[in-house]
Amino acid sequence: MITTFKGQYAWLSNFKRCEVFFRGAAYTSSEHAYMSAKSECPDWKAFCQDGGNSPGRVKAMSRRIAVRPDWNEVKVGVMREVLRDKFSREPFRSYLLDTGNCHLEEGNRWGDQFWGVDLKTGEGQNHLGRLLMEVRDELYLAGQPRLLVPILRWLRAAQRRYFPY
Ligand SMILES: Nc1nc(O)c(N)c(N[C@@H]2O[C@H](COP(=O)(O)O)[C@@H](O)[C@H]2O)n1
């Protein structure tokens, strides 16, 4: 079970610098790309595309902008799209596949119970970890014979549920 995206698993964090192409633009982390979708304002897009702004600064500034009204409905889809791009490329593709079928969750101390799991309370919906496992399954299943895909998908989900290590 991987329960924190730090140290040897820091590459799973959205704050890890990497190349991401998202909706026609290049970004220097999945956090930059994800945050860019919070607003269609050209100044905001430019701010997110500027690799000189750290992921933490982009996240902090996103609290000060007028976020699109339907953000809560679309944000999981945006994150899925961003992660698919990040992990389509090496070395991240291989790093993710090499985690096998291990359970992934971003344990955190910044109180995020939506994307991760709050280490103080043990509570959290773990949407980031769930999306990472979904993208990993897609990459894994893409290399398998098509006829076996439904069975393998079911087996992987069952294995994660009963043997998360
Ligand atoms: N503060 C902080 N430090 C990190 O190291 C993180 N990985 C994150 N998490 C990311 O923050 C994003 C959520 O932002 P919203 O709450 O949707 O505005 C998401 O990318 C998390 O992975 N935060």
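Hydrogens, waters and symmetry mates are skipped; everything else that's a heavy atom, side chains included, is used.
- When side chains are defined from C-beta on, Thr121 counts as touching Gln113, because their heavy atoms get closer than 4.5 Å.
- One hydrophobic cluster, built from ILVMFWY side chains closer than 4.5 Å, cannot hold both Phe114 and Leu119; they sit in different ones.
- Around atom CZ of Arg153, no more than 12 heavy atoms belonging to other residues, nucleotides or ligands sit under 6.0 Å away.
- Using a 4.5 Å heavy-atom cutoff, the side chains of Val58 and Pro55 are not in contact.
- Taking CG from Asp112 and CG from Asn126, the interatomic distance works out to 10.0 Å, rounded to the nearest 0.5 Å.
- Across every non-hydrogen atom of Glu134 and Arg80, the tightest pair is OE2-NE, 2.6 Å.
- In this structure, Glu31 contributes its side chain and Met35 its backbone to no donor-acceptor pair below 3.5 Å.
- Counting non-hydrogen atoms of neighbouring residues, nucleotides and ligands closer than 6.0 angstrom, the NZ atom of Lys16 reaches no more than 12 such neighbours.
- Between Leu83 and Asn14 there is a side-chain heavy-atom pair separated by less than 4.5 Å.
- Across Arg130 and Gln125, no two heavy atoms sit closer than the pair NH1-O, 2.9 Å.
- Between Ser13 and Ser30, the shortest heavy-atom contact is O-OG, 4.3 Å.
- Classified by interplanar angle (parallel below 30°, tilted 30° to 60°, perpendicular above 60°), the ring pair Trp71/Tyr34 is tilted.
- Considering CE of Met133 and CD1 of Ile2, their distance stands at 10.0 Å, rounded to 0.5 Å.
- Between Phe92 and Tyr95, the ring-plane angle classifies as perpendicular under the 30° and 60° cut-offs.
- Taken to the nearest 0.5 Å, the CZ atom of Phe22 stands 14.5 Å off from the NZ atom of Lys86.
- Residues Arg63 and Lys38 meet the side-chain proximity criterion, which asks for heavy atoms closer than 4.5 Å.
- The side-chain heavy atoms of Val67 and Lys75, taken from C-beta on, include no pair separated by under 4.5 Å.
- The cluster map of Ile, Leu, Val, Met, Phe, Trp and Tyr, joined by side-chain heavy atoms under 4.5 Å apart, puts Leu12 and Tyr140 in the same cluster.
- In terms of modelled atom types and a separation under 3.5 Å, the side chain of Arg156 and the main chain of Asp137 share no donor-acceptor contact.
- You'll find the side chain of Arg136 reaches within 4.5 Å of the side chain of Cys102, heavy atoms only.
- One N or O on the side chain of His32 and one on the backbone of Asn53 form a donor-acceptor pair closer than 3.5 Å.
- Side chains of Arg68 and Val74 form a contact here, defined as non-hydrogen atoms less than 4.5 Å apart.
- Hydrophobic clustering keeps Val78 apart from Phe15 (ILVMFWY residues linked when any side-chain heavy atoms are closer than 4.5 Å, directly or through intermediates).
- Nearest heavy atom pair, residue Cys48 against residue Tyr27, reads O-CD2, 3.5 Å.
- Asn108 is not listed as a side-chain neighbour of Phe5, based on a closest heavy-atom distance of 4.5 Å or more.
- Hydrophobic clustering places Leu141 together with Leu96 (ILVMFWY residues linked when any side-chain heavy atoms are closer than 4.5 Å, directly or through intermediates).
- For Trp154, the CH2 atom sits in a loose shell: 12 or fewer heavy atoms of surrounding residues, nucleotides or ligands are nearer than 6.0 Å.
- The pair Arg84-Glu81 does not meet the salt-bridge criterion, since no charged nitrogen lies less than 4.0 angstrom from a carboxylate oxygen.
- Within the model, atoms NE2 of His103 and CZ of Arg160 stand 9.0 Å from one another, a figure rounded to the nearest 0.5 Å.
- What you find for Phe87 and Leu139 is that their closest heavy atoms are O-CD1, 3.6 Å.
- Pairing each heavy atom of Asp85 with each of Glu19, the nearest pair is OD2-O, 4.3 Å.
- Phe21 and Val82 are assigned to two separate hydrophobic clusters, defined by single-linkage of ILVMFWY side chains at heavy-atom distances under 4.5 Å.
- Using a cutoff of 4.0 Å between basic side-chain nitrogens and carboxylate oxygens, Glu40 and Lys45 are scored as salt-bridged.
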